[in-house]
Amino acid sequence: MKLIAVPAVDFDLEMTLNSGQVFHWEKAGEGFYGTIGDRTVYIEQRGAVLGVVLEGGDLRRRREEHSNVRKRPRPTTAATASELIRHYFALDHSLDEICASFPRDTVMNKACDFCRGLRIIRQPKWECLATFICSSMKQVAHIRQISRAMRERFGEKKEICRHEVYSFPPADRLAGTSEHELRKCGLGYRAKNLLATAKRVALREANLESWSALPDVELREQLCQLPGVGAKVANCVMLFGYERIKAFPIDVWIERVLREKYFPRKRKVTSASLAEFAANYFGTHGGYAQQYLFHHARMTGKRRRKG
DNA sequence: CTCCAGGGATGAT
DNA sequence: ATCATCCATGGA
């Protein structure tokens, strides 16, 4: 299989895919297998160059269907692949400028240094929303398991480089299942919320694509009206699905970091005041700051210990 | 075995 | 407006 070379400076593929923002990429050998939308992808990194194999996709098909002239199917061009990869992995983000905008404190500096090359990627909106509805009170490893179960049960089976991958089921597919079927994916009580939200998206009562035009506050409002979506999940979807780089999700890890590092031994620090502090303190690229703090905290394993 | 996880909805103060 | 409780599941 021939690899398409995509230049990628200042990028760490493995860290990005293992940083708890996306959950379906599976490592095998030198690279990762997965999907970007309805395309199947194999991707590996060698220094500042990515090796990519890309198949599927509906752009070519759609063009043929709407064209009077029947065109012969063409393989994906290197230019198309490069464009898709650059967009998905946000290779256009200037990490230098982003890091330069962070507050200069010890905690942030350490996290920034540790997470060199970690990028906030651009995920398909529905996939991102559905996955994070499933994420509540779940460890990253288990979210991955749930994601895989839903793909295998309800997604479309595909193949890339002799590897099986499954696309994420669209909203109308999940809307057509049942809470009982969803629970078989290990969803537990989250199944009800996911089903309800899938129905609203499938019926276009919630039009995820059109919400791209909304300012942050209104987008967050709309997201929070969906079943199973509160402030935290909404911020994750804004950050990972809507390119809202300022969005600052506060989960148990981030809350711990904020309390221990930024408000040491102070009581009466409410969650609301933490959110307000974070929104003001970390600046216009707060979502990146948050992701670096999150990943650094998780990787350096600062679990609570008695004593 | 126990502990806890990228929380949200609901009902009681 | 804050606060407590419940919700299922399985990795560590």
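Naming: A, B, ... by sequence-line order, numbering from 1 per chain.
Spacing between atom CD1 of I143(A) and atom P of dA12(C) amounts to 13 Å, rounded to whole angstrom units. A straight line from CD of E179(A) to C1' of dA8(C) spans 11 Å, rounded to a whole angstrom. If you take NZ of K192(A) and C1' of dT9(C), they are 18 Å apart, rounded to a whole angstrom. Rounded to a whole Å, the CZ atom of R183(A) is 15 Å from the C1' atom of dG10(C). We find that CE of M150(A) is positioned 14 Å from C1' of dT9(C), with the value rounded to whole Å. One interatomic measurement links the two molecules: NZ of K268(A) to P of dT2(C), which rounds to 10 Å at whole-angstrom precision. Look at NZ on K184(A): it is 17 Å from C1' on dA8(C), rounded to the nearest Å. Between R144(A) atom CZ and dA5(B) atom C1' the separation is 16 Å, expressed in whole Å.
Note: F277(A) and Y262(A) have tilted aromatic rings, judged against thresholds of 30 and 60 degrees for the angle between ring planes.
No contact: T131(A) has no heavy atom under 4.0 Å from any strand. Nucleic acid contact class of R190(A) (heavy atoms, under 4.0 Å, all strands): base. If you check every strand for non-hydrogen atoms under 4.0 Å, Q291(A) touches a base. Contacts of I254(A) with the nucleic acid, taken as non-hydrogen atoms under 4.0 Å apart, include base atoms.
Each of Q291(A), E14(A), H295(A) was scored for a side chain to side chain donor-acceptor pair (under 3.5 Å) with S19(A), with one residue passing: Q291(A).
Judged by a 6.0 Å distance limit and a 45° cone about the ring axis, K125(A) is positioned over the six-membered ring of Y242(A).
We find the CG-NZ distance between D105(A) and K110(A) to be 10.5 Å, quoted to the nearest 0.5 Å. With values rounded to the nearest 0.5 angstrom, L195(A) atom CG is found 13.0 Å from R200(A) atom CZ. Note that CD of E255(A) and OG of S271(A) are 4.0 Å apart. Values are rounded to the nearest 0.5 Å.
Checked against the 6.0 Å centroid threshold, Y292(A) and F282(A) do not count as a close aromatic pair. Here Y288(A) and H93(A) bring their ring centres to under 6.0 angstrom of each other. Taking the centre of each ring, Y42(A) and F32(A) stay at or above the 6.0 Å mark.
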Subject >> Sugar-phosphate or base contact per nucleotide [nucleotides 7-13 of chain B; S, B, -; heavy atom under 4.0 Å] >> reply: BSS----
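Of the residues in residues 195-209 of chain A, none has a non-hydrogen atom less than 4.0 angstrom from any atom of DNA chain C.
Remark: the separation of the P atoms in dG11(B) and dA8(C) is 15 Å, to the nearest Å.
Pair assignment for dT10(B): dA4(C), on the basis of Watson-Crick or G-U wobble contacts that are both within less than 3.5 Å.
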